[in-house]
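Reckoned from all heavy atoms, side chains included, excluding hydrogens, waters and symmetry mates. What you see is a predicted model; the values in this text were computed from it and never measured.
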Amino acid sequence: MGLDNSMQEEIYDSLWSPMERLFMDAQGEDKFDYFMRAYLTIKTGVIPRLDEVYATFKQYIFNKDVKDVVSDVFLFSQYYSKLEFGKEDDSKLNEIIANIRTLKVEVAYPFLMRIYFDYANKIINENEFIEVLKLTESYVFRRAICGIPTNSLNKTFANLFKEIDSDKYIESLRAILILKTSYHRFPTNDEFINELLNKDIYNSRNSKYIFEKFEYFDNKERVNLDDLSVEHIMPQTLTPDWKIALGDDFDRIHTDYLHTIGNLTLTGYNPEMSNKSFVEKRDMAKGFNNSCMRLNRDLVDLDKWGETE
């Protein structure tokens, strides 16, 4: 507002208004403050509180050229829209970004927006950018499964880009993540597998993400999973027949395995299956025998469902 009218109009028409439309068209007006917080995190290395974004931006822009700053804000808003609104045109990138978005980890956006800048300016190529995205996805997801508190993630991602060696971009990022310890650590394969097998997946906010990963792995034939629901193969309520099938230790087996990944699958016929026996669920008209889900393929060859299965 300190500029003369003609400059105000030029900046508004060429930069600010298009940026506003970017958020409005995606029905994401409520995300603008989140974007500005991510932008300020990139530029200052400090994460402002959401209710202090405006004051922080005023302080940041003091004694800077207004047009230069707004031009830069507009540029980074393009990267934010690709991450948050799925505006990336490259289908390979968009698929991985959609996975990250499903994990609901906006704290990674300052880091990824800065990586986007390097990709857009050809400092890294597409394969390197994909590697960064996949490392980010794996880092966030493994930590979630292993129950590592998320409150350390914002600081980790706020300063992660500064730690990268530009001459060894991917190699240095891998090393940085692997060498982190305590609450910042990247869980190992052994820790991750153990937690994944034993975690309550049914009540996890990442359950949809997990089932998509299993169903879509190395598979170009996609099934619409939106109308499917999670099925407990061993049901939540044990019938007398189920208790007999599980054996004398049925109570412990039920407690230990009910909500774990090994007892869960997807189906469109959850109410019909209810707490039927395994063989009934397998052989019924809309049962596992006739399922189009790859997740259910191995169930066809089983005659019983117990602790081993």
Side-chain angles (χ1 to χ4, degrees), residues 22-23 25-32 34-35 37-38 77-116 119 126 129-154 156-158 160 173 177 186-187 192-193 195-197 199-231 259-261 264-268 270 293-295:
L22 188 67
F23 283 79
D25 290 347
Q27 297 182 323
E29 297 97 322
D30 60 325
K31 292 292 184 180
F32 189 77
Y34 290 90
F35 156 63
R37 180 170 65 178
S77 73
Q78 312 297 305
Y79 308 143
Y80 183 89
S81 73
K82 294 173 187 290
L83 294 168
E84 180 61 28
F85 305 137
K87 296 294 185 180
E88 173 57 60
D89 294 329
D90 186 309
S91 59
K92 287 190 295 185
L93 295 178
N94 207 36
E95 182 174 344
I96 305 171
I97 291 168
N99 288 335
I100 294 172
R101 193 162 55 248
T102 300
L103 292 173
K104 296 180 173 60
V105 61
E106 284 194 352
V107 292
Y109 285 2
F111 170 68
L112 294 178
M113 287 160 62
R114 187 59 186 80
I115 299 294
Y116 240 123
Y119 170 61
E126 183 179 65
F129 187 33
I130 287 173
E131 181 69 12
V132 174
L133 291 171
K134 286 185 173 181
L135 279 169
T136 303
E137 178 187 1
S138 184
Y139 180 61
V140 170
F141 178 59
R142 285 184 180 223
R143 288 170 53 88
I145 290 297
C146 294
I148 302 173
T150 59
N151 54 6
S152 64
L153 274 178
N154 53 2
T156 297
F157 281 116
L160 186 56
L173 177 59
L177 292 176
F186 197 137
F192 172 69
I193 291 169
E195 292 295 330
L196 180 64
L197 293 178
K199 190 179 182 67
D200 180 343
I201 298 299
Y202 180 67
N203 293 301
S204 167
R205 73 173 188 175
N206 294 319
S207 59
K208 180 177 182 290
Y209 167 90
I210 294 168
F211 286 118
E212 283 186 349
K213 280 292 188 178
F214 276 118
E215 181 65 21
Y216 293 160
F217 177 73
D218 197 26
N219 180 22
K220 294 181 180 180
E221 296 181 350
R222 299 299 172 90
V223 178
N224 185 357
L225 305 182
D226 293 340
D227 297 328
L228 304 181
S229 58
V230 178
E231 163 67 14
H259 296 317
T260 61
I261 191 67
L264 305 176
T265 187
L266 292 178
T267 180
N270 189 289
M293 300 290 298
R294 296 168 79 223
L295 277 171

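Taking every heavy atom of both residues into account, Leu83 and Met113 meet most closely at CD1-CG, 3.7 Å. In plain terms, the two heavy atoms of Val107 and Phe157 that are nearest each other are O-CB, 3.3 Å. Smallest separation of non-hydrogen atoms from Arg101 and Glu84: CD-O, 3.1 Å. Closest non-hydrogen pair, Asn219 versus Arg222, comes out as O-NE, 3.0 Å. For the residue pair Ile201 and Ser207, the shortest heavy atom distance occurs at O-CB, 3.4 Å. Contact detail for Phe129 and Leu93: the closest heavy-atom pair is CD2-CD2, 3.7 Å.
To the nearest 0.5 Å, the span separating CG on Leu133 from OH on Tyr116 amounts to 7.0 Å. Once rounded to the nearest 0.5 Å, the distance linking CZ of Arg142 with CG of Leu177 reads 11.0 Å. With values rounded to the nearest 0.5 angstrom, Ile100 atom CD1 is found 8.0 Å from Tyr109 atom OH. Remark: Asp90 CG to Ile130 CD1 distance equals 6.5 Å, nearest 0.5 Å. Annotation: the span from Met293 atom CE to Thr265 atom OG1 amounts to 6.0 Å, rounded to 0.5 Å. Leu103 contributes atom CG, which lies 10.0 Å from atom OG of Ser138 (distance to the nearest 0.5 angstrom).
Residues in residues 130-141 take part in these salt bridge (charged side-chain N to carboxylate O under 4.0 Å, His left out) pairs, two or more places apart or across chains: Glu131-Arg174, Glu137-Lys213.
A salt bridge is absent between Glu106 and Arg37; no separation between the charged side-chain nitrogens and carboxylate oxygens falls under 4.0 Å.
Geometric assessment of Lys87 against the ring of Phe85 yields a negative cation-pi assignment under the 6.0 Å and 45° thresholds.
Remark: aromatic rings of Tyr80 and Tyr34 are distant, center separation not under 6.0 Å.
In this structure, Phe23 and Phe32 have perpendicular ring planes: the angle between them is above 60°, well past the 30° mark.
Remark: Ser152 engages Arg143, Tyr183, His184 in a side chain to side chain contact (heavy atoms under 4.5 Å, CB included) (not counting sequence neighbours).
Checked by atom type and distance alone, the side chain of Asn270 pairs as donor or acceptor with a backbone atom of Val230 at under 3.5 Å.
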task = Applying side-chain contact (heavy atoms from CB on, under 4.5 Å), run through Thr156 and Phe111 and close with a yes or a no.
result = CA-CA 9 Å; Thr156 297; Phe111 170 68; over 6 Å; no
key: Test side-chain contact (heavy atoms from CB on, under 4.5 Å) applied to Ile145 and Ile210, step by step   = CA-CA 10 Å; Ile145 290 297; Ile210 294 168; 4.0 Å; yes
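For the residue pair Glu95 / Tyr216, no side-chain donor-acceptor distance below 3.5 Å is found, with atom types taken as modelled.
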